[in-house]
Structure formats: structure tokens, C-alpha cells
Number of protein chains: 2
Amino acid sequence: MNEQMTRPQADKGDGRKVSPTRLKVLQVAANLFADRGYSGVGVNEISEATGLGRGALYYHISSKEDLLYDITTAYMSDLITDGRAIADAETDPVERVRALSRALMMTISEHLSEMTVCFRELHALTDERRRAVTGLHSDYQAIWAMALADGLTKGVFKPTPSVVLKGLLGMYFYSFLWLTPRGPQNAADIGNAFADVVLNSVRK
Amino acid sequence: MNEQMTRPQADKGDGRKVSPTRLKVLQVAANLFADRGYSGVGVNEISEATGLGRGALYYHISSKEDLLYDITTAYMSDLITDGRAIADAETDPVERVRALSRALMMTISEHLSEMTVCFRELHALTDERRRAVTGLHSDYQAIWAMALADGLTKGVFKPTPSVVLKGLLGMYFYSFLWLTPRGPQNAADIGNAFADVVLNSVRK
DNA sequence: CTTCTATTGTACCGATCGGTCACCACGATA
DNA sequence: TATCGTGGTGACCGATCGGTACAATAGAAG
């Protein structure tokens, strides 16, 4: 679906063949974008923060928007992958919701800058790529929707309107604004607390 | 405390008279900022969209950031004013939460562009003004916190961790991303649905 | 008719925007 | 030695950035 167009010959065969320099650029750019917004950060700033000159920077990236796209998709894809693994592994609907909740909060907490960009800078992407990212968001929401539907068929949950699911996910997504990354343990606690909120609303 | 600047129209006991041209500029700018982000919109674009030349535009505003500040504070101040009125008028904790919920969703829905900017473009403000706006957010959260505390003392609610309240408010705030002003459900319906979510989590 | 104030258009400022360019340093291989 | 691929430099491009200067316009008052 989402082809990672890195550089000419970079990572076609092996999946983890992204140059460490590019990785560093992605991290630095994510921090800057999270701080001042995509349009508020110039390539000059990224150049200085990474210690690379303009030319060297553009050797590792193809465009500034390319950078944004990679940042917004990286951990959202992970979220989907992990979410599907949880859905496959956990059969109890209640425990599945709890696991999804913890995983979501921990990912947001551990990659706060990237998730901030992912949730807040969608508008800066051009049409095609924005549609790709919103597609990822839909895919992730579908994982939760299926978890709730499973609980419904098993008689544990009551029907949940999609607007309520959107709201509940917004509860997680909006946390980038007030969350302070203190560690995964803290994030897990919040995940558990939010899971209670969800379960209180979807349980029979 | 935070009401020194101009607010759209003088229907709320605001003595200041705002020129209709400035009002138009604020509306147009809010739409543009919501669409492409504060830093992504140039004053040239605002100039063209309003039909005013650069000089004429700067006769009505003092700076681009001034515009952003007014947009972010206008309806957040209204939210606080209305919220306090609701808190004073409604003594039943459950009904107070429902009223707050409906009012919040209706304000977000009716002024979607402005609220989008308010929730998403905070980082573009300079320190002093950003602190002022985050202060407004805190003030608004305090209104909800007092509503929950009131329900607690009346024996209707159980204690609610502040992190849960932040999450529940995020459920509302994040809705700017998927809300459609003329969507299948009206804002009051969504407000009621969200109120149920809140009440399911705070009720004894 | 002046004279004033309120509003507007246009040319312009220095700075910065995203992106490209020719050129270069260096290790590996032949 | 010569060649090549990888990674890097820094000047440079046209366009646009937020903001200013200033003359021109209009309408009401005198």
C-alpha cells in the first residue's frame, strides 16, 4: 500500500536498511515539527539541527514533505501492526480493549513528537498523501470497531455508535497536548484509566 | 481576566465596537488557518481572500499573530462565559454535565474553523500569548472539574482523576478533525452521546 | 471651496522559503 | 594508478515571507 520511497537503492530487499543518518534526520525533524509546526520550520533549521548542510540534507531526503509523510506514517503503521497482533492474540473482548488502550497510550508517550505531528499536521500534506494517512487512521479505527463488534457478538458489549468510537479515540489522540513523557509505566496507567472509560461506555 | 482584546460583535456585554471589516478579516483568516495552518497561510493570501490590499489589511490588524490570537481567544472566552452561566443555572450535577456537553459540541460545530485553530495552532503563538490561551483552556477545564466535584459532594459522582477529565475533554476537542457541520448527526445529539460517555465514567 | 479624518492601493524592504547546482573528500576496488 | 559510489559543501535560484511607506481616495464638516 504505502511504498516507502527512500533513496535510489536503499531498502528494497531487507526491511531495516534505512541509513542511520536518515533516521536521525527523521527524529530531529519530528521534534522540530512538533514544536513549531510543519510550515513553521524551515529546511535551514533542520539543516542546522542535524549538523548537515543543505546539500547533504537533500541527499538523504527527497523533499520536506517527504519527511513529513514518513514521520506521520511510521508509528501509525506500527500502531496498526501491533493492534492487529493484539486483536489476534486476545480473545476476551474486555482484555482486548485494555491491551489496545495500553498499547496506544504507550506508543503515543514513547514517540510523542512523531504522534503529535501525525495528529496535528495532517493538513500540511498534499492530497494524495493526506488521503493515505487518513486511510491509516481509518484502518486503526477499524481495529477498535472490530474489537467492539466482537464484544457485541459475544454478548459482553452493547452497540456503540461510530461517533462515540470517534470520540473515544479522540480522547487518546488529543493526549499529545498535555502528555508529559515520564516513562512507559505512567503511560500504561493512563492506558488503563482510559480503558475503564471506554469499557464503562461500551459494556452491557 | 483574559478579556482585554476585541471579540466578535458586541452581543456579550463587550463595550468595544469592532469594525465589520475586521470581523470579516477574522472570519476569512480563521477559515484559511483551519485549512492550511497558521504558518502555511501568508498575509498575501488573506489579502486576496478578503479583497483588501496589503496596506488596507494592516490598517485593520496590527500583525498576523494578532489575528491568530483573536481567533483563538474569541470563542474560547465564550465557552467559559457560557460554561459559568450553565454552572450557575443548573444545580443537578447530571444535568449540568449534559448542558456543558451540549454547549461545548454546539460551539465547536458552529465555529469549527475558529475552534480548529484554537485547538491546533496554539504552538504558533509567542510565549506570552500562548500562556494566555492555555490559561483559558485551564479555566474551561476548571469549570468541568467543579461540576464533577459538585456531583461528588452531592454523592452522585465518584472521584475522577484529573487525567481522566483531560481525556474526556480531549474527546470533545479532537472532534474538530472529523466533525462535519452539516453531518448526519447534529451537534446536540453528539453532545448528548458524549455526555453519556462522561456520565458512565464519573457516576457512582 | 477648503480641510480633516478614515480607509485603501501599490511599490517596496530585507529576510527567508524550498530546492538545485557544480564541485569535492575519501575508501574500496580493479 | 585510475575509476567509482557514497556522502558532504556552500553558493545560488526565483519566489514568497511579514511588514512598512506613502500617496491617493472618499465623504463629512466647516
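Convention: sequence-line order gives letters A, B, ...; per-chain numbering from 1.
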Colleague: Whole angstrom is fine here: how far is it from CG in B/Asn44 over to C1' in C/dG9?
Modeller: 13 Å

Colleague: Will you find, in the side chains of B/Ser101 and B/Tyr172, an N or O donor that is under 3.5 Å from an N or O acceptor?
Modeller: yes

Colleague: Cut-off 3.5 Å, side chains only: do A/Arg102 and A/Asn192 have a donor facing an acceptor?
Modeller: yes

Colleague: Give a yes/no on whether any side-chain N or O of B/Tyr59 is located under 4.0 angstrom from OP1 or OP2 of C/dT7.
Modeller: yes

Colleague: Just to confirm, is there a sub-4.0 Å distance from OP1 or OP2 of C/dA6 to any side-chain nitrogen or oxygen of B/His60?
Modeller: no

Colleague: Please report, rounded to the nearest Å, how far the P atom of D/dG19 is from the CD1 atom of B/Ile61.
Modeller: 8 Å

Colleague: Could you tell me which non-hydrogen atom of A/Arg96 sits nearest to which non-hydrogen atom of A/Glu90, and how far apart they are?
Modeller: NE-O, 3.1 Å

Colleague: For B/Tyr174, does the six-membered ring have the charged nitrogen or CZ of A/Lys166 within the cation-pi criterion, i.e. under 6.0 angstrom from the centroid and within 45° of the normal?
Modeller: no

Colleague: Using 30° and 60° as the class boundaries, would you call the ring planes of B/Phe173 and B/Tyr140 parallel, tilted or perpendicular?
Modeller: tilted

Colleague: Given atom CG of A/Asp66 and atom P of C/dG18, what is their separation to the nearest angstrom?
Modeller: 14 Å

Colleague: Just the rounded figure in Å: distance from P of D/dG18 to CG of B/Leu68.
Modeller: 12 Å

Colleague: So if I take every side-chain heavy atom of B/Lys64 and compare against C/dT8, D/dG8, D/dG19, which nucleotide ends up nearest?
Modeller: D/dG19

Colleague: Before giving the answer on side chain to side chain donor-acceptor pair (under 3.5 Å), spell out for A/Thr126 and A/Glu65 the whole-Å C-alpha distance, their side-chain angles and the decisive distance to 0.1 Å.
Modeller: CA-CA 8 Å; A/Thr126 52; A/Glu65 196 202 340; 2.8 Å; yes

Colleague: Nearest whole Å is fine: how far is C/dG9 P from B/Glu48 CD?
Modeller: 13 Å

Colleague: If you restrict it to nitrogen or oxygen atoms, what contacts under 3.5 Å exist between nucleotides 10-14 of chain D and the protein, and what is each distance?
Modeller:
from   : atom 1 : to      : atom 2 : distance (Å)
D/dG10 : O6     : A/Gly55 : N      : 3.2

Colleague: Judged by each residue's nearest nucleotide on DNA chain C, which is more toward the 5′ side, A/Val43 or B/Gly51?
Modeller: B/Gly51

Colleague: Among C/dA6, C/dC17, D/dG19, which nucleotide sits nearest the side chain of B/Tyr58?
Modeller: D/dG19

Colleague: Specify the separation, in whole Å, of atom CZ of A/Arg22 and atom C1' of D/dT6.
Modeller: 16 Å

Colleague: Round to the nearest Å and state the distance from A/Leu57 atom CG to C/dT20 atom C1'.
Modeller: 13 Å

Colleague: Between B/Asp66 and B/Arg22, does any side-chain N to carboxylate O distance fall below 4.0 Å?
Modeller: yes

Colleague: Classify the nucleic acid contact of B/Leu52 as base, sugar-phosphate or nothing, counting any heavy atom under 4.0 Å across all strands shown.
Modeller: sugar-phosphate

